[in-house]
Amino acid sequence: MIPLIPLAILIVTSYLIYYHVIEPYFLSPLSSIPNANLTSPLSSYWIDRKRSTGTEVLVIYALHQKHGPIVRLGPKELSINSLHGLRVIYTGAFEKHSFYNDFFVNFHTENLVGMVHNAPHAHQKRMLSKIFSKSFLQESSDLRTISKVVMSERVMPILKKAGESGEVVNVLPLFQALGMDFTSSFLFGLRRGTAFVLNIPEWKMWLEEYERFKFMSREKRYMGFIEGWCLGLCEQTEKFKEQDVSVDEEKLPSTSPVVYNQLRQSLLTQKEYDPRPLNLAIASELLDHLVAGHETSGITFTYMMWELSQHPELQAELRKELLTLSPSLRYSDIDGEKPLASPSAIDALPLLDAMVRETLRLHSPAPAQLPRVTPATDNGTSLHGYDNIPGGVKVSSTAYSLHRISEVYPRPLEWLPQRWLEAGDKIHDMRRLFWPFGSGGRMCLGSNFALQEIKLVMAAVYSNYTTSIVDDEGIEQDYAFIALPRGRKLMLRFIQVGE
Ligand code: HEM
């Protein structure tokens with residue numbers, strides 16, 4: 001008679017070897033895809049180590065250079081670097097990976113960034129799509145008023161003072177604050193929005209809290225400093241909706257809380273079947289906008305100014321283009337009551353557009369993996385000729401690697417805005433592969449808002465100043481999910497140009 005215990009051990013061991021070695025290494029539909037590392041079919045340890053040391057983005061780029069557009073990072077994880085991959089995964093609306101739910105849900109309450117499933121996501125996105133469309137934003141009188149106040153009364157006077165005194169400016173925190181003031185004013189109205197540009201020491205304290213917040217668990221984040229701050233803004237907005245005046249704010253024009261109102265009204269109509277408490281559903285969504293809005297645009301401003309500061313000849317070319325605006329964004333035109341140049345006129349400037357694009361290409365604020373999961377379908381998914389990829393496989397692309405495909409972007413490591421103006425037929429592929437805001441149904445909600453804001457601010461700065469670098473130590477990007485300069489600073493000098 002065969003002893004039972006050794007037999008059981010043999011069966012279990014054979015099963016484990018089959019399941020964890022033979023199947024993933026030799027039999028899985030993923031087994032013929034190039035491996036990132038010898039251990040990748042067996043365990044995620046190798047790629048997780050790269051993740052934990054912050055080198056994942058650069059490692060994935062190097063892997064694609066070596067192995068081509070598809071690489072296996074773990075037993076059930078692939079990285080794809082091609083237009084084909086973008087079409088299949090992102091235009092194909094694969095659902096988000098649970099990573100988003102862990103890192104982006106605020107108040108234990110779901111929002112657009114953190115939602116994994118497509119159906120509730122699409123429902124909530126429809127509530128907000130119109131007010132973030134390019135045409136709505138360009139025509140919005142609220143956003144025009146906000147732009148006028150934030151530019152003419154806040155940031156440009158600060159730069160003027162710095163220009164006159166020769167004071168060196170750390171542009172990263174100042175322009176991140178600007179991103180926050182723009183976004184919060186559009187969300188809550190000018191009077192309830194922030195004015196951090198005018199109080200940089202307070203802003204730096206907020207940033208310190210936020211650096212901690214980014215690495216906290218959902219539980220730790222719950223009703224801490226940042227969530228409490230956002231809930232406070234929502235409560236103030238609700239309280240002053242009827243009567244939008246208080247003594248110390250009389251000087252500020254009143255604008256509507258465009259996003260707050262739209263979201264609240266839309267969520268109210270589905271109150272019976274949405275289990276989320278209304279105030280937390282609103283606060284969770286709006287906190288994501290505040291977070292997404294300040295850091296990413298602050299990074300874009302910083303790198304565009306850094307690149308331009310190294311190219312005085314391009315600053316001069318840009319200024320020539322900017323002076324075709326009527327009214328211009330020179331101090332003589334933006335001081336006083338006159339309206340600013342129209343967003344559509346600024347948007348139509350080709351060199352400015354090329355410079356903003358090139359900055360978002362080379363210095364993407366969100367350069368890391370945007371992970372999705374393959375759906376469970378009868379025939380599986382096909383990617384780059386590898387068929388029958390089963391459901392539940394984590395698949396992702398990165399803006400960092402896509403933006404360095406040299407067949408589409410020759411000399412990919414150089415900041416060459418002219419590439420967007422001289423591309424000829426190649427422009428179609430360049431635009432399709434341009435991925436700073438992601439693509440498909442989960443693409444950035446605020447991309448039009450961000451572009452309108454970035455173009456206005458950069459146009460106003462370079463209509464009036466030349467910039468030069470005083471200290472750029474630590475300027476290389478820290479390739480986390482959001483890629484700030486490692487040194488968290490860029491010191492520039494602003495010199496006013498004559499009329
Ligand atoms: C230069 C500025 C910005 C960049 C580079 C950027 C980048 C991105 C990226 C890459 C995503 C996609 C994430 C994914 O698919 O996993 C995203 C999503 C999102 N962004 Fe932005 N963003 C910017 C500005 C903004 C602003 C100003 C707002 C709001 C006012 C905003 C709100 C959002 C929201 C709500 C989502 C989630 C969209 C969804 O899942 O449907 N972003 N952003």
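Every number for a ligand or one of its atoms is a count from 1 in the order of the listing.
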Next item on the list: Determine, for Y222 and R218, whether the Lys NZ or Arg CZ falls below 6.0 Å from the six-membered ring centre while staying within 45 degrees of the axis.
Entry: no
Check: Which residue supplies the protein heavy atom nearest to atom 5 (C) of ligand 1, what is that atom called, and how far is it?
Finding: P436 O, 3.5 Å
Notebook entry, point to check: When you check the gap from the basic side-chain N to the acidic O, do R51 and E77 get nearer than 4.0 Å?
Noted result: yes
Next item on the list: Could you tell me whether the side chains of S40 and W46 share a donor-acceptor contact shorter than 3.5 Å?
Entry: no
Check: Where does the angle between the aromatic ring planes of Y479 and Y400 fall among parallel (under 30°), tilted (30 to 60°) and perpendicular (over 60°)?
Finding: perpendicular
Next item on the list: Starting from the C-alpha separation in whole Å, work towards a yes-or-no answer on side-chain hydrogen bond (donor to acceptor under 3.5 Å, both in side chains) for T374 and T381.
Entry: CA-CA 7 Å; T374 52; T381 298; 5.0 Å; no
Notebook entry, point to check: P365 heavy atoms, cut-off 4.0 Å: which ligand 1 atoms fall inside?
Noted result: 5 (C)
Notebook entry, point to check: Between the candidates E453, H121, Q452, which shows the shortest non-hydrogen contact distance to atom 40 (O) of ligand 1?
Noted result: H121
Notebook entry, point to check: Can you tell me if F182 has a non-hydrogen atom under 4.0 Å from ligand 1?
Noted result: no
Check: Is there a heavy atom in T300 that sits closer than 4.0 Å to ligand 1?
Finding: yes
Note to self: Under the criterion side-chain hydrogen bond (donor to acceptor under 3.5 Å, both in side chains), I'd like the reasoning laid out for H117 against E95: C-alpha separation, chi angles, the key distance, then a yes or no.
What the structure shows: CA-CA 6 Å; H117 299 299; E95 295 206 317; 2.8 Å; yes
Check: So which bit of K96 gets within less than 4.0 Å of ligand 1, heavy atoms only: side chain, backbone, both or neither?
Finding: side chain
Margin query: Evaluate Y100 for polar contact with ligand 1, using N/O atom pairs at a separation under 3.5 Å.
Written below: yes
Next item on the list: Could you tell me which atoms of ligand 1, counted from 1 in the order shown, lie closer than 4.0 angstrom to a heavy atom of L112?
Entry: 40 (O)
Checklist line | Quiz item: cation-pi between R361 and F434, 6.0 Å / 45° | finding: no
Check: Excluding waters, which protein N, O or S atoms are within less than 2.8 Å of atom 21 (Fe) of ligand 1?
Finding: C444 SG
Check: Nearest protein heavy atom to atom 36 (C) of ligand 1, by residue and atom, and its distance?
Finding: V113 CG2, 3.6 Å
Checklist line | Residue list, side chain to side chain donor-acceptor pair (under 3.5 Å) with Y90, at least two apart or on another chain | finding: none
Notebook entry, point to check: What protein heavy atom sits nearest atom 15 (O) of ligand 1, and how far away is it?
Noted result: R372 NH2, 2.7 Å
Notebook entry, point to check: Do Q369 and H97 get their side chains close enough for a donor-acceptor pair, meaning under 3.5 Å?
Noted result: no
Note to self: Tell me if the aromatic rings of F99 and F481 count as close, with their centers under 6.0 Å from one another.
What the structure shows: yes
Next item on the list: Would you mind listing which atoms of ligand 1 come within a distance below 4.0 Å of any non-hydrogen atom of T183?
Entry: 30 (C)
Check: Under 4.0 Å between a Lys/Arg side-chain N and an Asp/Glu carboxylate O for E110 and R276?
Finding: no
Notebook entry, point to check: With only distance considered, is S297 within less than 3.5 Å of ligand 1 through an N or O on each side?
Noted result: no
Next item on the list: Give the C-alpha distance, both sets of side-chain angles, the deciding distance and a yes or no for side-chain hydrogen bond (donor to acceptor under 3.5 Å, both in side chains) between Q477 and Y303.
Entry: CA-CA 10 Å; Q477 277 176 283; Y303 282 103; 4.8 Å; no
Checklist line | Distance-only side-chain donor-acceptor flag, H294 / T183, under 3.5 Å | finding: no
Check: Looking only at heavy atoms, is any part of F132 under 4.0 Å from ligand 1, and if so is it the side chain, the backbone, or both, or is it neither?
Finding: side chain
Notebook entry, point to check: What is the nearest protein non-hydrogen atom to atom 12 (C) of ligand 1, stated with its residue, atom name and distance?
Noted result: R442 O, 3.8 Å
Notebook entry, point to check: Closest non-hydrogen protein atom to atom 38 (C) of ligand 1, residue and atom name please, with distance?
Noted result: M443 O, 3.5 Å
Item checked: Per-atom contacts of ligand 1 with K125, taking only distances under 4.0 Å to non-hydrogen atoms -> 38 (C), 39 (C), 41 (O)
Margin query: If we check ring pair (Phe, Tyr, Trp, His ring centres under 6.0 Å) with H289, which of these qualifies: F188, F132, Y260?
Written below: F132
